[in-house]
Number of protein chains: 2
Amino acid sequence: MAALPIQIDRTSPVPLYHQLAEQLTAAVSNGTLRPGDAFENELAMSDRLSLSRPTVRRAISELVNKGLLVRRRGIGTTVANQMVHRRAELTSLYDDLIREGRTPRTEVLSLNCSTQDDRAAEALGLKPGALLVAIVRLRYAGDQPLAILRNWLPPAMDDLTTELLETDGLYAVLRARGIRPTVARQRIGARNATAEERRILHMSKAEPLVTMTRSAYDADGSPVEFGDHCYRADQYSVDVIVSER
Amino acid sequence: MAALPIQIDRTSPVPLYHQLAEQLTAAVSNGTLRPGDAFENELAMSDRLSLSRPTVRRAISELVNKGLLVRRRGIGTTVANQMVHRRAELTSLYDDLIREGRTPRTEVLSLNCSTQDDRAAEALGLKPGALLVAIVRLRYAGDQPLAILRNWLPPAMDDLTTELLETDGLYAVLRARGIRPTVARQRIGARNATAEERRILHMSKAEPLVTMTRSAYDADGSPVEFGDHCYRADQYSVDVIVSER
DNA sequence: TAGTGGTCTAGACCACGCA
DNA sequence: GCGTGGTCTAGACCACTAT
């Protein structure tokens with residue numbers, strides 16, 4: 001069992017437990033520690049680093065919650081087996097495409113600052129008939145149309161412009177205004193494309209669409225955005241990590 | 001701000017922070033506390049209940065992590081806005097159907113205890129060509145066929161029987177053997193049904209299927225099960241809660 | 001200035017798994 | 001019996017927000 005070289009900076013504004021957790025995370029994910037390896041125990045580590053046991057414990061807990069480590073009473077702490085440790089993230093398709101190295105592009109098909117849509121209003125916590133900002137965008141991956149994105153926002157967002165939405169993603173625009181979606185509820189399904197969707201997405205045959213409706217909320221639980229999206233099924237799937245921890 | 005009536009049983013084996021967290025959770029979800037309401041502060045609560053502040057804090061943290069409460073430094077703790085608080089769970093379709101009040105039924109189409117499937121073997125952390133247990137089941141909701149479930153398990157599970165699988169769900173059978181899936185990685189997409197799938201699922205027209213492949217792991221991160229499922233899209237969708245916390 | 005949550009410490013005792 | 005993680009205490013100081 002290796003004693004990892006850890007550097008703690010007590011003058012940093014970063015909490016000690018987080019400094020420690022970051023360095024431990026690095027050691028696990030860069031392979032310094034292999035799956036199954038025993039982990040230095042809490043008492044030894046707190047002694048070695050001159051940290052209190054609760055502080056060390058909190059750092060280790062962070063890794064346990066992420067599934068990187070397994071704690072067993074009476075046994076010790078060990079590095080968890082393989083398992084891709086990427087968590088489901090709250091990102092946009094835009095980010096996903098960039099990550100895959102494809103060059104996404106967005107075309108705003110319509111931008112209407114006073115629409116009515118009862119399903120969207122309800123999702124946004126507003127009364128039926130409330131006026132909403134409605135956006136319809138077409139997402140390309142390279143030259144190929146990939147998805148039709150329909151989004152509704154609260155009326156306060158009525159100063160959005162086509163340019164903003166086409167250069168940055170919707171989520172980037174929201175973040176720039178201090179709005180940070182934190183939790184989202186998504187429903188994923190499938191259906192056949194309508195004639196118009198087939199035309200817009202250049203779908204020749206009777207290919208299916210993957211559908212996703214999403215209600216996004218900030219840390220308070222206040223609704224931020226409601227979306228109803230559809231993707232060409234041959235081009236898109238959704239990855240999710242489900243956890244009982 | 002109400003002082004909630006909390007009962008702490010110090011003779012119980014249940015940790016104090018968990019007893020407290022459960023009662024606080026109940027107060028929030030049954031509407032005793034409304035969204036936006038101020039929450040009793042940590043010091044007052046620890047004093048009132050004769051618990052240490054870290055213990056109270058840990059209980060509150062549990063609710064914050066679930067998204068029920070919002071803590072703001074200098075402000076206080078408040079109840080989060082609406083937002084359905086159900087978390088994405090690692091359950092089977094079987095459980096989902098029972099919850100919806102439909103009566104699910106399972107028919108085992110085949111059970112083969114020494115199959116080869118390289119994709120499944122890789123997902124289970126075994127060498128290509130390794131012998132696996134393969135199960136194909138047909139899931140009904142009431143009288144209607146809903147899904148074809150294909151699962152692969154490690155060779156150690158070669159004593160499964162058709163009866164077991166048809167009376168309990170697969171996950172119940174695993175749990176009964178002390179195997180507890182904790183984390184799963186799912187990929188959800190859509191495609192058209194093959195002729196055979198159309199026949200088995202009684203699909204008349206060119207309806208699409210929702211597809212889901214799932215790799216499930218236990219708390220150690222050891223692979224437990226690999227599944228490749230398809231559902232009638234008109235009958236099924238997947239709910240997911242994505243969180244950045 | 002007063003009150004809140006955020007962090008941290010130095011102990012303590014218990015429950016569990018193993019030799 | 002011994003070492004591990006699991007829980008709990010009684011303080012302390014700090015950073016932030018409101019008034």
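Naming: A, B, ... by sequence-line order, numbering from 1 per chain.
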Answer yes if the side chains of [X] and [Y] hold a donor-acceptor pair under 3.5 Å, and no otherwise.
X         : Y         : answer
Arg71(A)  : Ser61(A)  : yes
Arg139(B) : Thr106(B) : yes
Asn151(A) : Arg137(A) : yes

Can you tell me the distance, in whole Å, between the [atom1] atom of [X] and the [atom2] atom of [N]?
X        : N      : atom1 : atom2 : answer
Leu43(B) : dG5(C) : CG    : P     : 8 Å
Asp47(A) : dT9(C) : CG    : C1'   : 14 Å
Leu69(A) : dT4(D) : CG    : P     : 16 Å
Asn41(B) : dA2(C) : CG    : C1'   : 12 Å
Leu49(B) : dT9(D) : CG    : P     : 11 Å
Arg58(B) : dT7(C) : CZ    : C1'   : 16 Å

Exercise. Return the minimal non-hydrogen interatomic distance between Leu132(A) and Asp117(A), and the atom names on each side.
Key: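 Nearest heavy atoms, Leu132(A) then Asp117(A): CD1-O, 3.8 Å.
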Quiz prompt | Heavy-atom pair of closest approach, residues Arg180(B) and Thr182(B) | solution =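 Arg180(B) and Thr182(B) have their closest heavy atoms at O-OG1, 3.1 Å.
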Quiz item: Contacts to DNA chain C from residues 7-18 of chain A, heavy-atom cutoff under 4.0 Å, which residues?
Solution: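 Output list: Arg10(A), Pro15(A), Leu16(A), Tyr17(A).
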Quiz prompt | Sole candidate of Tyr217(B), Tyr171(B), Trp152(B) that passes side-chain hydrogen bond (donor to acceptor under 3.5 Å, both in side chains) when paired with Glu225(B) | solution =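 Among Tyr217(B), Tyr171(B), Trp152(B), the one that satisfies the side-chain hydrogen bond (donor to acceptor under 3.5 Å, both in side chains) with Glu225(B) is Tyr171(B).
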Quiz prompt | Ion pair Arg72(B)/Asp220(A), N-O distance below 4.0 Å | solution =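 Looking at Arg72(B) and Asp220(A), the cut-off is met.
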Please list, chain by chain and in numerical order, all residues satisfying side-chain contact (heavy atoms from CB on, under 4.5 Å) with [X], sequence neighbours excluded.
X         : answer
Ala172(A) : Asp168(A)
Ala130(B) : Leu126(B)
Pro54(A)  : Ser52(A)

Quiz item: Between Thr55(A) and dT7(C), does any side-chain N or O lie under 4.0 Å from OP1 or OP2?
Solution: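 No, because none of the side-chain N or O atoms of Thr55(A) sits under 4.0 Å from OP1 or OP2 of dT7(C).
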Quiz item: Would one find a side-chain N or O of Arg71(A) under 4.0 angstrom from OP1 or OP2 of dG6(D)?
Solution: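 So the side chain of Arg71(A) is within the cut-off, an N or O lying under 4.0 Å from OP1 or OP2 of dG6(D).
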Exercise. Treat primed atoms plus P, OP1 and OP2 as sugar-phosphate and everything else as base, then score nucleotides 10-19 of chain D 5' to 3': B for base contact with protein heavy atoms under 4.0 Å, S for sugar-phosphate contact only, - for none.
Key: B-B--BBSS-
Self-check item: Interface with DNA chain D, restricted to residues 19-27 of chain A and to heavy atoms under 4.0 Å
Solution: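 Residues of residues 19-27 of chain A under 4.0 Å from DNA chain D: none.
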Practice problem: For Arg57(B), answer base if it contacts any base atom (sugar-phosphate contacts may also be present), sugar-phosphate if it contacts only those atoms, and nothing otherwise; contact means non-hydrogen atoms under 4.0 Å. | Solution: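 Base contact.
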Exercise. Check whether any side-chain heavy atom of Tyr17(B) sits under 4.5 Å from a side-chain heavy atom of Leu51(B), and report yes or no.
Key: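 Sidechains of Leu51(B) and Tyr17(B): no contact.
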